Student: 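This is the structure, below, for whatever I ask next.
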Amino acid sequence: GLSKSRHVVCTKAGFLHLFESKFHVHPKSSVNLHTAKVMTVDDDACAIAIESDEIVQSGVTFWRGKSSKKKHMLRCAQGSVERDNWIKVMKLFATVETAASSDVFSESP
């Protein structure tokens, strides 16, 4: 599928919010990083895979069974070093109160 550029915000509350652009107020979707699995992708040095039972869309939380996890694939435009830094940040933000944002990701469906 075609990838779409997304503005990504990782909050101190441990959520990753994906916006259509940095000008949109409401996220297209959100992932609870406390319950998500964040990992690299074997065949793409710039990609991050995020797997979660819980996904928030339009303010409504959806819980998925273990066999139907939601998976986001994000690609860092600036390479594997940036990808590694974002993985560290996402794992840290699942437990520490800090915040960061970036509009250098693209999301594949």
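Computed from a predicted model, the values in this text were never measured in an experiment.
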Student: As an exercise, state the distance from NZ of Lys12 to CZ of Phe93, rounded to the nearest 0.5 Å.
Tutor: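 Spacing of NZ (Lys12) from CZ (Phe93) equals 10.5 Å.
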
Student: Going by the rule side chain to side chain contact (heavy atoms under 4.5 Å, CB included), which residues pair with Lys37 if we only count those two or more places apart in sequence or in a different chain?
Tutor: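 Lys37 satisfies side chain to side chain contact (heavy atoms under 4.5 Å, CB included) with Met39, Glu51 once adjacent residues are dropped.
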
Student: Compare every heavy atom of Phe19 with every heavy atom of Val9, then report the nearest pair and how far apart it is.
Tutor: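 Heavy-atom minimum between the residues: CG2-CE1, 3.8 Å.
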
Student: Do you know which two heavy atoms are closest between Val8 and Trp86, and how far apart they sit?
Tutor: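 Minimum heavy-atom contact is O-CH2, 4.4 Å.
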
Student: List in chain and number order the residues that pass side chain to side chain donor-acceptor pair (under 3.5 Å) with His24, two or more places apart in sequence or in another chain; answer none if no residue qualifies.
Tutor: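 Listed in chain order: Ser21.
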
Student: His17 side chain to Pro27 main-chain N or O, any donor-acceptor pair under 3.5 Å?
Tutor: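 Side chain of His17 to backbone of Pro27: no pair is present.
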
Student: Begin with the C-alpha distance, continue with both residues' side-chain angles, and end with the deciding distance and a verdict on side chain to side chain contact (heavy atoms under 4.5 Å, CB included) for Thr40 and Ile48.
Tutor: CA-CA 5 Å; Thr40 59; Ile48 301 170; over 6 Å; no

Student: Any chance you could measure Asn85, atom CG, to Ile87, atom CD1, to the nearest 0.5 Å?
Tutor: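 Asn85 atom CG to Ile87 atom CD1 measures 9.5 Å (nearest 0.5 Å).
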
Student: Going by salt bridge (charged side-chain N to carboxylate O under 4.0 Å, His left out), name the residues that satisfy it together with Asp44, two or more places apart in sequence or in a different chain.
Tutor: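 So Asp44 forms a salt bridge (charged side-chain N to carboxylate O under 4.0 Å, His left out) with Arg75.
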
Student: Give the minimum heavy-atom separation between Ser52 and Asn32, together with the two atoms involved.
Tutor: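 Minimum heavy-atom separation between Ser52 and Asn32: OG-O, 4.4 Å.
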
Student: Give me the atom names and distance for the closest heavy-atom approach of Cys76 to Glu82.
Tutor: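 Scanning both residues completely, I find the closest heavy atoms to be CB-OE1, 3.2 Å.
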
Student: Mind listing the closest non-hydrogen atom pair of His72 and Ser29 along with its distance?
Tutor: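 Residues His72 and Ser29, closest heavy atoms: CE1-OG, 3.4 Å.
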
Student: Applying side chain to side chain contact (heavy atoms under 4.5 Å, CB included), run through Leu16 and Ser30 and close with a yes or a no.
Tutor: CA-CA 5 Å; Leu16 185 73; Ser30 300; over 6 Å; no

Student: Measure the shortest side-chain to side-chain distance between Leu74 and Ile50 over non-hydrogen atoms and say whether it is less than 4.5 angstrom.
Tutor: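 Yes, their side chains come closer than 4.5 Å.
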
Student: Identify the heavy atoms of Ala49 and Lys71 that sit nearest to each other, and give their distance.
Tutor: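 The pair with the smallest heavy-atom distance is CB-CE, 3.8 Å.
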
Student: Do Arg83 and Cys46 have side chains that approach each other closer than 4.5 Å (heavy atoms only, starting at C-beta)?
Tutor: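 No - every pair of side-chain heavy atoms lies 4.5 Å or more apart.
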
Student: Any side-chain heavy-atom pair from Lys28 and Arg6 closer than 4.5 angstrom?
Tutor: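 Yes, side chains in contact.
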
